[in-house]
Every structure is written in structure tokens, then in C-alpha cells.
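Scroll down for the structure; my scribbles are underneath it.
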Amino acid sequence: MKWFFLALALVAPSHAGLRFGCSTLSIQRLDPLVEPGNVPSAHVHQIVGGNVFNATMDSTKMNIGDAGTCTTCFFSEDFSNYWTAVLYFKARNGTYKRVPLYTNADLEGEQGGMTIYYTQLDFNSNGNQKITAFKPGFRMTVGSPTTNTKAAAVAHTGIRYTCLQTIMTRGQETPDFPKAACPAGIMAIHHFPACWDGKNIDSANHQDHMFDTGKGGFQNAGPCPSSHPIRMPQLAYETMWDTRAFNDKSLWPTDGSQPFVWSANADPTGYASHADYIFGWKGDSLQKAMDSTCMFQACGNGKPLKSQSAAELNKCSIKNTVTEETQGWLPSLPGLAVGHM
Ligand SMILES: *[C@@H]1O[C@H](CO)[C@@H](O)[C@H](O)[C@H]1NC(C)=O
Ligand SMILES: *[C@@H]1O[C@H](CO)[C@@H](O)[C@H](O)[C@H]1NC(C)=O
């Protein structure tokens with residue numbers, strides 16, 4: 001009898017989905033996932049989330065969800081860290097300026113940051129499957145700073161750009177940087193894989209423990225393969241880069257190319273886009289949300305997740321471990337030699 005109810009619970013249709021803003025926690029050269037202990041790491045990142053973030057985050061020694069004391073995210077039990085490379089504008093004279101971030105639109109008053117999604121099989125349904133939350137210590141990356149072919153970028157269906165005609169433009173995604181000026185900026189999109197091998201909370205390349213059956217955008221994902229049978233939340237980031245100060249064509253390269261590059265390898269194609277995730281939700285809070293029927297910010301205020309105001313989350317900060325200048329006009333990108341192309 002007990003088993004019967006359990007089975008029913010596992011297949012009950014659920015329409016939960018989280019979408020929330022996190023303010024910028026830090027912009028610096030650290031990467032506790034790919035380059036633990038390196039101060040500084042290879043390239044500049046924007047990091048959002050919990051204040052445990054630092055050069056080393058050894059989850060065999062601590063549970064991040066318990067160790068965190070504040071977070072820049074709307075859900076105050078979420079001490080996870082989320083990060084991507086940052087966007088720079090390359091001027092005709094060869095110097096670089098970091099592109100500012102839009103104030104996050106999800107919660108008035110947030111500063112920069114990203115919008116984070118934890119959806120189910122698709123945007124708002126679990127397809128009658130149990131969605132298993134990530135475990136303490138779980139981490140993964142998507143994409144790679146060394147991707148340098150269009151074919152590889154196209155194959156990463158979760159990594160895309162939208163050229164913002166207005167701040168509300170969605171869809172019309174491309175695997176490379178927009179070639180023309182985008183009147184309202186550039187949105188960088190990262191969807192992570194959502195099928196887990198059920199055993200490993202990490203792997204040597206931070207990717208093999210996961211498998212991607214996403215089809216781009218927020219379409220229904222395909223079924224998980226037997227090698228990676230456990231469906232986890234569909235994690236996605238949206239980062240809104242405010243390029244408006246750089247849209248004047250007289251500032252652009254004379255050869256007609258576009259002037260934006262990633263902090264990683266000064267990549268001008270956009271193919272090197274990548275993102276990192278370290279799980280840090282407190283207790284079973286993420287599982288509770290995935291098992292509920294709440295949508296987006298209505299999951300806050302204790303229904304079932306705790307949440308906080310923009311003023312509270314903006315108070316969360318960390319002291320930068322790497323204190324170099326990252327803003328500009330810089331003769332070279334931090335971590336890259338002068339003249340690097
Ligand atoms: C962060 O890591 C650096 C280098 O390991 C260390 O010097 C610093 O004290 C750490 N900061 C915090 C707040 O723990
Ligand atoms: C390089 O170009 C930028 C943008 O036009 C300008 O603001 C900056 O002062 C220039 N720097 C140098 C060293 O010429």
C-alpha cells in the first residue's frame with residue numbers, strides 16, 4: 001500500500017518551475033570548478049549566488065548549502081554559485097572595456113547579475129516524471145572556452161545569443177555573436193544538460209556525469225538515455241549585456257566585423273561561450289520546489305521557498321581575492337598578453 005502511494009507521488013503531474021534574479025556577487029578571475037586554487041584563474045568571470053564563493057570550494061570538506069550565510073539570489077536558501085565569462089568591447093585602438101550588465105528585470109532593485117531558471121521537462125511541466133534535485137557537492141559546466149568551430153557551437157543547442165531589438169526580444173537565437181549592432185543589447189543564454197548518471201556529483205571534465213537531451217530554447221527535452229537515466233532540473237542562465245554605449249558604427253572595426261569578445265581567449269566569434277554551476281541549496285529546499293506546483297517568484301514567501309527583497313540580497317557581498325582592474329579601457333584582457341588576438 002505504501003509503495004502504491006509512493007509510485008503515485010512519483011508520476012503525479014507537476015507544473016513547478018523557478019525563474020529568479022540574482023545580483024552580481026563578484027567580477028574577478030577565479031574559477032573554483034575548472035581551476036581550483038588558481039589565484040588568478042585564466043579569465044574574468046561574473047559570479048552570482050552564495051558568499052562561500054572563492055578560489056577553492058572543496059565540497060568534500062563542506063556542504064555549501066550549510067556553509068553559506070548570504071546570497072545575491074531571490075531565493076534565500078540558494079547558496080549555489082553561477083558564473084560565465086564576461087563580455088568586452090574592443091575599441092579601434094585595441095583597448096578593451098567591459099560591457100555593463102543590465103539591472104536584472106525580475107526583481108526591481110537587483111544589480112546586474114543573471115536570471116536563473118530551474119524548469120522541469122519543459123518550461124512548466126515535468127512530463128509525469130520525478131525531477132531529482134542536485135545533491136550536495138554537485139557541480140557541472142556547459143560549453144567550453146576552447147570551442148572554436150561553428151559546427152561545435154551549433155551542436156551546443158543550449159548555448160545561444162539573442163540580439164535584443166528591445167529588452168523584451170526573445171527567440172531568434174544564434175550560435176555566434178550577432179553580426180550587426182543590437183539596439184537593446186545582447187542576451188547570452190546557457191542551458192545545462194539535465195540527465196544524470198545517478199552516481200557522480202562531478203567528473204574529470206565536469207561534463208561526463210551529465211547528458212544533454214535539450215532541443216534548444218525551452219522546448220520539451222528528449223528522454224534521458226540509460227547511461228544517464230535520472231532527470232534533474234533543467235538549469236538555465238540568461239545574462240543581459242547592455243551594449244548600447246557601443247552601438248555607434250564609427251566605433252566598430254573598419255573591416256565590418258563585430259567588436260564584442262569574451263573574456264575567455266578574446267573570442268570574437270561567440271563559440272567559446274560557457275558556464276559553470278556549483279550546487280548549494282540548503283537542505284531539501286530545491287527538491288521541495290521541484291515537487292510543488294509553484295511557478296517562478298510565486299514559489300517564494302515560504303510557498304514553499306524562503307525569499308528575500310532586492311535590498312536584502314544586494315547586501316550580500318564578498319571581498320575580491322583577485323583585485324586587478326577589470327573594467328577598462330584596458331590595453332589587454334586580464335590573463336591575456338598584450339596583442340593577443
Ligand atoms: C579566499 O581564498 C584566498 C586564496 O586561497 C584566501 O587568501 C582568502 O582568505 C579566501 N577568502 C575568504 C573570504 O575565505
Ligand atoms: C581608445 O579608444 C577608446 C574608445 O574610442 C577611448 O575612449 C580611449 O580613450 C582610447 N584609448 C587610447 C589610449 O587611445
Side-chain angles (χ1 to χ4, degrees), residues 24 27 42-46 83-103 112-115 142-191 216-217 236-275 326-341:
T24 302
I27 293 179
H43 52 259
V44 179
H45 290 128
Q46 176 197 212
W83 68 92
T84 76
V86 304
L87 199 62
Y88 279 91
F89 169 77
K90 186 177 184 183
R92 282 187 177 179
N93 63 20
T95 66
Y96 297 90
K97 187 155 177 68
R98 180 152 59 72
V99 177
L101 290 143
Y102 272 103
T103 290
M114 303 179 199
T115 298
V142 66
S144 163
T146 58
T147 301
N148 58 9
T149 66
K150 178 139 190 171
V154 168
H156 278 146
T157 52
I159 302 181
R160 292 290 182 262
Y161 302 91
T162 292
C163 181
L164 300 172
Q165 304 303 316
T166 75
I167 194 73
M168 294 311 294
T169 306
R170 292 297 179 273
Q172 298 153 41
E173 297 178 359
T174 58
D176 42 11
F177 282 135
K179 294 188 171 42
C182 301
I186 297 173
M187 177 165 70
I189 303 160
H190 298 93
H191 293 263
Y237 308 168
E238 288 173 351
T239 312
M240 310 286 276
W241 297 100
D242 183 357
T243 60
R244 287 174 299 174
F246 310 106
N247 281 348
D248 180 347
K249 266 296 168 66
S250 70
L251 303 173
W252 282 39
T254 47
D255 68 0
S257 61
Q258 69 83 38
F260 298 103
V261 301
W262 280 122
S263 54
N265 302 327
D267 169 37
T269 61
Y271 304 157
S273 186
H274 61 286
T326 64
Q327 206 154 10
W329 303 88
L330 305 173
S332 64
L333 291 178
L336 297 175
V338 178
H340 183 101
M341 290 308 284

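Below, each value reflects all heavy atoms present in this structure, side chains not excepted, and no hydrogens, waters or symmetry copies.
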Practice problem: Please report the C-alpha distance between His156 and Val142 in whole Å, then the side-chain angles of each, then the deciding distance to 0.1 Å, and finally whether the side chain to side chain contact (heavy atoms under 4.5 Å, CB included) criterion is met. | Solution: CA-CA 9 Å; His156 278 146; Val142 66; 5.6 Å; no
Exercise. Kindly indicate, with the supporting measurements, whether the criterion side chain to side chain contact (heavy atoms under 4.5 Å, CB included) is fulfilled by Arg98 and Gln327.
Key: CA-CA 5 Å; Arg98 180 152 59 72; Gln327 206 154 10; 4.0 Å; yes
Practice problem: Evaluate the side chain to side chain contact (heavy atoms under 4.5 Å, CB included) criterion for residues His43 and Leu333: first the C-alpha distance (whole Å), next the side-chain angles of each, then the deciding distance (0.1 Å), finally the verdict. | Solution: CA-CA 8 Å; His43 52 259; Leu333 291 178; over 6 Å; no
Exercise. Start with the C-alpha gap between Thr269 and Asn148, add the side-chain angles, then the distance that decides, and say whether side chain to side chain contact (heavy atoms under 4.5 Å, CB included) holds.
Key: CA-CA 8 Å; Thr269 61; Asn148 58 9; over 6 Å; no
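Taking all atoms of both residues into account, the shortest heavy-atom contact from Gly270 to Tyr161 is O-OH, 2.5 Å. For Ala153 against Thr147, the heavy-atom pair with the smallest separation is N-CG2, 4.1 Å. The two residues His274 and Ala264 come nearest to each other via the heavy atoms CE1-CB, 3.9 Å.
Note: Met240 CE to Ile186 CD1 = 11.5 Å, rounded to the nearest 0.5 Å. Going from atom OG1 of Thr243 over to atom CG of Leu164 covers 8.0 Å, rounded to the nearest 0.5 Å. Here the CD1 atom belonging to Ile189 is positioned 11.5 Å from the OG1 atom belonging to Thr157, to the nearest 0.5 angstrom. Taking CE from Met187 and CD from Glu173, the interatomic distance works out to 6.5 Å, rounded to the nearest 0.5 Å. Atom OH of residue Tyr271 and atom CG of residue Asn265 lie 14.5 Å apart, to the nearest 0.5 angstrom. From Leu336, atom CG reaches atom OH of Tyr88 across 9.5 Å, with rounding to the nearest 0.5 Å.
Checked by atom type and distance alone, the side chain of Thr162 pairs as donor or acceptor with a backbone atom of Gly171 at under 3.5 Å. With hydrogens and angles disregarded, no donor-acceptor distance shorter than 3.5 Å links the side chain of Thr103 to the backbone of Gly112. With Arg160 contributing its side chain and His190 its backbone, the two residues share no donor-acceptor pair below 3.5 Å.
Side-chain contact between Ser263 and His45 is absent, with no heavy atoms from C-beta onward closer than 4.5 Å. You'll find the side chain of Val261 stays beyond 4.5 Å of the side chain of Phe177, heavy atoms only. Counting only heavy atoms from C-beta outward, the side chains of Phe89 and Phe260 approach each other to under 4.5 Å.
By the 6.0 Å contact criterion, CD on Gln172 is open, its count of non-hydrogen atoms from other residues, nucleotides or ligands being 12 or less.
Partner Leu87 forms a side-chain contact (heavy atoms from CB on, under 4.5 Å) with one of Leu101, Val99, Thr239, Asp242 and no other, that one being Val99.
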